[in-house]
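Just below is one structure, and these are the notes that go with it.
When reading the values below, keep in mind they use all heavy atoms of this one structure, side chains included, and skip hydrogens, waters and symmetry mates.
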Amino acid sequence: RSQQQISLSIERELATVPSFNMSEVEETLKRIQGHKGVLGVVIFDKNGISIKSTLDQATTVQYCTHLSNLAAQARSSVRDIDPTNDLTFLRIRSKKHEILVAPHAEYLLCVIQNPEV
């Protein structure tokens with residue numbers, strides 16, 4: 001499958017993440033982690049505190065800190081443009097990684113993947 005198809009598949013997975021039922025979350029994480037090119041999955045609260053991660057501690061802290069701020073700024077920008085709108089998904093592509101962020105009411109789910117796979 002193409003990278004675009006894999007990304008769309010992961011987006012669909014992220015959209016179905018349940019309200020925080022740990023067994024369902026574990027199952028969803030396993031499915032997401034099984035996608036080709038996925039390097040890691042991080043779940044963190046809106047304050048940037050890690051809840052669950054498949055990455056090492058230092059990398060997890062970096063992603064939680066920076067992405068919680070970025071997601072908050074992106075949400076604020078979307079709402080500034082249209083107060084009736086809200087951020088539902090954020091995709092960031094760099095030379096090395098593609099970062100997918102799905103914000104939910106109580107937490108954010110982040111998938112880091114290799115865009116070249």
Side-chain angles (χ1 to χ4, degrees):
R1 294 193 311 177
S2 74
Q3 182 59 35
Q4 184 69 17
Q5 289 172 318
I6 292 169
S7 292
L8 290 173
S9 178
I10 291 172
E11 280 185 44
R12 284 192 291 275
E13 291 276 358
L14 293 176
T16 64
V17 173
S19 297
F20 223 72
N21 176 329
M22 202 49 137
S23 63
E24 291 178 7
V25 169
E26 290 287 343
E27 180 66 30
T28 302
L29 287 178
K30 285 180 187 174
R31 280 196 314 269
I32 291 171
Q33 190 70 34
H35 284 277
K36 188 176 179 182
V38 171
L39 303 173
V41 181
V42 182
I43 300 173
F44 51 96
D45 68 18
K46 296 206 180 250
N47 297 316
I49 306 299
S50 173
I51 298 169
K52 185 86 176 157
S53 178
T54 63
L55 301 171
D56 65 77
Q57 182 65 24
T59 305
T60 296
V61 168
Q62 279 190 315
Y63 277 105
C64 291
T65 301
H66 295 293
L67 291 177
S68 62
N69 292 334
L70 185 60
Q73 184 61 47
R75 180 177 190 263
S76 178
S77 296
V78 167
R79 294 190 56 79
D80 284 349
I81 293 167
D82 179 356
T84 65
N85 204 354
D86 204 357
L87 181 69
T88 58
F89 200 80
L90 179 62
R91 178 183 290 197
I92 305 155
R93 177 106 183 226
S94 69
K95 290 180 182 178
K96 293 182 178 181
H97 300 112
E98 183 173 42
I99 303 166
L100 310 170
V101 181
H104 291 271
E106 299 156 25
Y107 60 91
L108 293 95
L109 192 145
C110 169
V111 175
I112 300 95
Q113 63 182 9
N114 180 346
E116 302 301 321
V117 175

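Atoms CG and CG, on L90 and L108 in that order, are 9.5 Å from each other to the nearest 0.5 Å. From T54, atom OG1 reaches atom CD1 of I112 across 7.0 Å, with rounding to the nearest 0.5 Å. To the nearest 0.5 Å, atom CD of residue Q33 and atom CD of residue Q113 are 11.0 Å apart. Rounding to the nearest 0.5 Å gives a distance of 12.5 Å between NZ of K52 and OG1 of T28.
Residues I92 and L67 have side chains in contact (heavy-atom distance under 4.5 Å, counting atoms from C-beta outward). Side-chain contact between R75 and P103 is absent, with no heavy atoms from C-beta onward closer than 4.5 Å.
Annotation for F44 and C110: closest pair CE2-CB, 3.9 Å, computed over non-hydrogen atoms. Nearest approach of L87 to A71, heavy atoms of both residues: CD2-O, 3.7 Å. Between A105 and K46 the shortest heavy-atom distance is O-CE, 3.1 Å. Taking both residues in full, the closest heavy atoms of P115 and K96 are given as CD-O, 3.2 Å, listed atom of the first, atom of the second, then distance. Here the closest non-hydrogen pair linking T60 and L55 is OG1-O, 3.3 Å. Across all non-hydrogen atoms, the minimal contact from S68 to G48 is OG-CA, 3.6 Å.
The backbone N or O of I49 sits nowhere less than 3.5 Å from a side-chain atom of N47 that would complete a donor-acceptor pair. S76 places no side-chain N or O within 3.5 Å of a backbone atom of A72 that could act as its donor or acceptor partner. With R79 contributing its side chain and T84 its backbone, the two residues share no donor-acceptor pair below 3.5 Å. With hydrogens and angles disregarded, no donor-acceptor distance shorter than 3.5 Å links the side chain of T65 to the backbone of Q62.
Hydrophobic clustering keeps V78 apart from L70 (ILVMFWY residues linked when any side-chain heavy atoms are closer than 4.5 Å, directly or through intermediates). Side-chain heavy atoms closer than 4.5 Å link hydrophobic residues (I, L, V, M, F, W, Y) into clusters, and following such links, even through other members, never connects V61 to V42.
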